[in-house]
Amino acid sequence: MNPSTIVKLALIPLLALSTANSVPQLVNASTSIAGEVKSVSKMTEINAWGDSMTEGVNGDGVSYPAVLEKLTGIKTNNYGIGGETSEEIMNRSLKKGDQSNDILIIEMGDNGGWDKDIDTLINQYKTMIANAHTDRYIIISSTDDPNDSDQIWGYTDEAIGLEDTWYEEALEEAFGKHLLKGRQYLIKRGLAINGIPFDDEDIERAQQGLISEKLRHVEKDNTHLNSLGYTAQAYGVYELGRSLGYWK
């Protein structure tokens with residue numbers, strides 16, 4: 001059987017609707033997360049490093065760091081600056097210096113700065129982490145659609161579903177359990193977290209490996225998320241951080 005066919009078949013039960021007005025089975029939204037929020041330490045802060053995706057462009061006032069702060073109860077610093085390259089983001093972090101008491105969340109690379117050499121990007125991440133002197137960190141991989149040739153991550157028109165892209169695979173090998181696969185998470189959980197059921201178009205896009213257009217302002221661009229997308233991304237970071245023991 002063709003591998004892409006296997007991926008499609010695996011996705012169908014994941015995305016199947018129980019009723020027309022319910023969220024997909026197996027990916028129901030967590031309604032109790034906010035109620036479980038407890039602050040880890042008054043001294044601990046979360047430093048979210050990145051570009052416009054971290055800043056929250058197109059989010060209508062919503063960014064994932066802002067939502068994350070509400071979920072964790074921990075002060076979250078939004079160090080996202082639109083248009084910055086990965087090298088510029090790294091240098092800003094290095095200038096800040098010691099962050100040993102903090103938790104780092106890093107999402108970068110959309111604006112270049114790594115010469116399309118994934119090893120260079122990985123080394124930039126590792127340099128930031130090493131110079132921050134912390135072992136508490138989360139890396140967020142791109143939420144771009146892999147078929148979007150206008151973006152730096154675009155590379156294939158094949159239906160890859162929830163199969164790893166080449167960069168998700170490389171980042172997972174480098175960072176293991178510290179990696180949040182942004183694209184895959186938004187496909188699986190993005191709509192459900194916002195209480196939105198999958199429709200036929202969403203299922204077709206998921207089979208292609210593309211996130212729902214309901215999570216972007218597609219009339220503006222194909223990269224940035226909207227308020228729903230950033231909210232879902234925050235939940236992804238929250239859930240991973242909880243599994244890593246960064247907060248309860």
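Treat the numbers as computed from the prediction; the structure is a model and nothing was measured.
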- Query: Rounded to the nearest 0.5 Å, what separation is found between the CD atom of Glu55 and the CG atom of Asp51?
  - Reply: 9.0 Å
- Item | Set of residues satisfying ring-ring contact (aromatic ring centres under 6.0 Å, His included) with respect to Tyr185, sequence neighbours excluded | none
- For Val57, does its backbone N or O pair with a side-chain atom of Tyr230 as donor and acceptor, under 3.5 Å? yes
- Item | Value rounded to 0.5 Å, distance of CD1 in Ile152 from OG in Ser142 | 9.5 Å
- Message: Per the salt bridge (Lys or Arg N to Asp or Glu O under 4.0 Å) rule, what does the pair list look like for residues 77-88, sequence neighbours excluded?
- Response: Glu84-Arg92
- Query: Mind checking what makes side chain to side chain contact (heavy atoms under 4.5 Å, CB included) contact with Thr165, not counting sequence neighbours?
  - Reply: Pro146, Tyr155, Ile160, Tyr167, Glu168, Arg183
- Item | Whether Phe175 and Tyr137 hold their rings parallel, tilted or perpendicular, with breakpoints at 30° and 60° | perpendicular
- Message: Do Asn222 and Asp150 pair up side chain to side chain, a donor and an acceptor below 3.5 Å, judged on atom types alone?
- Response: no
- Listed by chain and number, what are the salt bridge (charged side-chain N to carboxylate O under 4.0 Å, His left out) partners of Arg216, not counting sequence neighbours? Asp145
- Task: Kindly determine whether Ser212 and Asp202 satisfy side chain to side chain donor-acceptor pair (under 3.5 Å), including the steps that lead there.
- Result: CA-CA 5 Å; Ser212 169; Asp202 297 322; 2.8 Å; yes
- Does a donor on one side chain and an acceptor on the other come within less than 3.5 Å for Glu45 and Asn77? yes
- Backbone N/O of Gly154 and side chain of Asp144: donor-acceptor pair under 3.5 Å: no
- Message: Treating Glu107 as the side-chain partner and Ile140 as the backbone partner, does any N or O pair qualify as donor plus acceptor under 3.5 Å?
- Response: no
- Donor-acceptor pair, side chain of Asn194 and main chain of Gly190, under 3.5 angstrom: yes
- Query: So which pairs with a foot in residues 109-130 pass salt bridge (Lys or Arg N to Asp or Glu O under 4.0 Å), sequence neighbours left out?
  - Reply: none
- Mind checking the CE-CD1 spacing from Met90 to Ile106? Nearest 0.5 Å is all I need. 11.0 Å
- Task: Could you grab the distance from atom CD1 of Ile103 to atom OG1 of Thr72, nearest 0.5 Å is fine?
- Result: 7.5 Å
- Query: Quick one: CG on Asp157 to OG on Ser149, what's the gap to the nearest 0.5 Å?
  - Reply: 7.5 Å
- Task: Could you tell me whether the side chain of Arg136 and the main chain of Asn101 form a donor-acceptor pair under 3.5 Å?
- Result: yes
- Quick one: does Ser141's side chain have a donor or acceptor within less than 3.5 Å of a partner on Gly182's backbone? yes
- Task: Quick one: list whatever passes side chain to side chain contact (heavy atoms under 4.5 Å, CB included) with Lys96, sequence neighbours left out.
- Result: Asn47, Trp49, Tyr79, Gln99
- Message: Has Ser86 got a side-chain atom pairing as donor or acceptor with Asn111's backbone, closer than 3.5 angstrom?
- Response: no
- Task: Report whether Val218 and Val62 are members of the same hydrophobic cluster (ILVMFWY, side-chain heavy atoms less than 4.5 Å apart, transitive linking).
- Result: no
- Query: Taking atom types as modelled, is there a side-chain donor on Ser100 or Asp98 under 3.5 Å from an acceptor on the other?
  - Reply: yes
